[in-house]
Trainee: 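Sharing a structure here in structure tokens format.
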Amino acid sequence: ISSDAAIDCSIIGNTAGTYAGGAYVAGGTALNCIIAGNTAGTYCGGASLGSSGSLVSCFVASNAASRGGGIDGGRIVNSFILNNTATTGGGSHGSSLYNCTVVGNRGGAGIYCVGEGILVNSIIVQNGSGSDNLPGTGLGYQADHLCTTPLPSNGTGHVTADPLLLSGWRLASNSPCVDAGCTNGP
């Protein structure tokens with residue numbers, strides 16, 4: 001997808017030798033898509049977004065690669081990133097996330113964004129061994145209003161309490177993350 005949009009797509013069970021097992025979205029947008037069960041030998045099992053691709057309201061699950069099991073690069077908005085696997089960045093590698101839920105990804109951190117990436121209003125929990133949610137301190141990403149552990153080394157408005165996720169990865173009505181986001185992130 002280079003400059004157009006893929007809407008309401010299912011990209012499931014594909015394999016690539018090196019790059020982008022599921023989809024390559026460079027400059028375009030995948031909207032309301034399911035990207036699941038894809039594999040790449042090296043980079044990006046689910047979707048490779050380059051620097052200008054976007055995923056909006058997508059479900060990215062059970063993909064695998066060495067780097068960026070679910071997603072590599074780009075901008076991800078209002079999406080679920082679940083149960084992906086990689087050596088580095090099980091859920092996402094080098095991406096910016098807005099209003100996303102990232103749960104159950106394995107390999108490195110759930111989100112890996114050294115020196116790049118913006119993380120806003122997102123729930124990033126239960127990745128890696130349970131608390132490998134973000135890369136270590138001082139790695140240059142911007143973070144605001146995250147629900148994650150441990151406490152991010154930068155940004156404001158973070159919640160480190162259990163988000164009380166229900167089935168379907170929605171928040172319970174008494175979750176400490178309800179109404180904890182910001183309306184104008186970085």
Side-chain angles (χ1 to χ4, degrees), residues 11-26 30 33-51 53-55 58-120 122-143 146-155 158 160 162-163 165 169:
I11 302 166
I12 299 172
N14 299 289
T15 301
T18 304
Y19 197 74
Y24 183 66
V25 183
C33 294
I34 296 170
I35 303 170
N38 302 291
T39 304
T42 306
Y43 301 107
C44 184
S48 176
L49 306 180
S51 61
S54 297
L55 293 183
C58 291
F59 184 86
V60 181
S62 302
N63 299 287
S66 291
R67 182 179 100 176
I71 305 162
D72 187 56
R75 178 182 171 100
I76 307 152
V77 181
N78 298 333
S79 295
F80 291 99
I81 304 168
L82 311 166
N83 302 319
N84 299 286
T85 304
T87 304
T88 305
S92 169
H93 186 281
S95 303
S96 292
L97 279 70
Y98 301 85
N99 307 314
C100 292
T101 300
V102 182
V103 178
N105 299 285
R106 301 290 178 250
I111 300 296
Y112 187 81
C113 46
V114 175
E116 56 190 306
I118 299 170
L119 309 173
V120 179
S122 293
I123 298 168
I124 306 170
V125 295
Q126 301 166 7
N127 295 286
S129 62
S131 62
D132 299 329
N133 297 307
L134 298 170
T137 60
L139 297 177
Y141 58 89
Q142 296 177 0
L146 300 179
C147 180
T148 192
T149 58
L151 182 68
S153 60
N154 59 14
H158 303 304
T160 58
D162 183 339
L165 292 173
W169 304 282

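Computed from heavy atoms alone, side chains included, the values below leave out hydrogens, waters and symmetry copies. Index from 1, following the sequence.
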Trainee: Of all the heavy-atom pairs spanning A143 and N154, show the shortest one and how long it is.
Mentor: CB-OD1, 3.4 Å

Trainee: Enter the distance from C58:SG to I11:CD1 here, rounded to the nearest 0.5 Å.
Mentor: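 Reported value, rounded in 0.5 Å steps: 8.0 Å.
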
Trainee: Test side chain to side chain contact (heavy atoms under 4.5 Å, CB included) on L97 and I81 and set out the steps.
Mentor: CA-CA 10 Å; L97 279 70; I81 304 168; 3.9 Å; yes

Trainee: How long is the straight-line distance from CG of L119 back to CD1 of I111, given to the nearest 0.5 Å?
Mentor: 6.5 Å

Trainee: Within the structure provided, determine whether V125 and L165 are in side-chain contact (heavy-atom separation under 4.5 Å).
Mentor: yes

Trainee: Is there a donor-acceptor pair closer than 3.5 Å between any side-chain N or O of N127 and the backbone N or O of V102?
Mentor: yes

Trainee: Do I118 and Y98 touch side chain to side chain, with heavy atoms closer than 4.5 Å?
Mentor: yes

Trainee: Is a side-chain N or O of S48 found less than 3.5 angstrom from the main chain of A20, in a donor-acceptor match?
Mentor: no

Trainee: Can you name the closest pair of heavy atoms from S79 and L55 and give their distance?
Mentor: OG-O, 4.0 Å

Trainee: May I ask you to decide if N105's main-chain N or O and N83's side chain share a donor-acceptor pair within less than 3.5 Å?
Mentor: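 No; zero donor-acceptor contacts below 3.5 Å.
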
Trainee: Please list, chain by chain and in numerical order, all residues satisfying side-chain hydrogen bond (donor to acceptor under 3.5 Å, both in side chains) with S122, sequence neighbours excluded.
Mentor: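 If we apply the side-chain hydrogen bond (donor to acceptor under 3.5 Å, both in side chains) test to S122, skipping adjacent residues, there are no hits.
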
Trainee: Under a 4.5 Å cut-off applied to non-hydrogen side-chain atoms, are N133 and L146 in contact?
Mentor: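 Side chain of N133 against side chain of L146, heavy atoms only: no contact under 4.5 Å found.
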
Trainee: Show every donor-acceptor pair shorter than 3.5 Å between a side-chain atom in residues 65-77 and any protein atom, with sequence neighbours excluded, or say none if there are none.
Mentor:
from, atom 1, to, atom 2, distance (Å)
S66, OG, G41, O, 3.3
R67, NE, H93, ND1, 3.4
R67, NH2, D72, OD2, 3.2
D72, OD1, H93, ND1, 3.1

Trainee: My understanding is that only one of V103, T148, L82 makes a side chain to side chain contact (heavy atoms under 4.5 Å, CB included) with Q126; could you say which?
Mentor: V103

Trainee: Assign the ring pair F59 / W169 to parallel, tilted or perpendicular, where the plane angle (0 to 90°) is split at 30° and 60°.
Mentor: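 The arrangement is tilted - the two ring planes meet at 30° to 60°.
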
Trainee: More than 12 non-hydrogen atoms from neighbouring residues, nucleotides or ligands closer than 6.0 Å to CZ on F80, yes or no?
Mentor: yes

Trainee: Just by distance, do the side chain of N63 and the backbone of N84 share a donor-acceptor pair under 3.5 Å?
Mentor: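 Between the backbone of N84 and the side chain of N63 there is no qualifying donor-acceptor contact (under 3.5 Å).
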
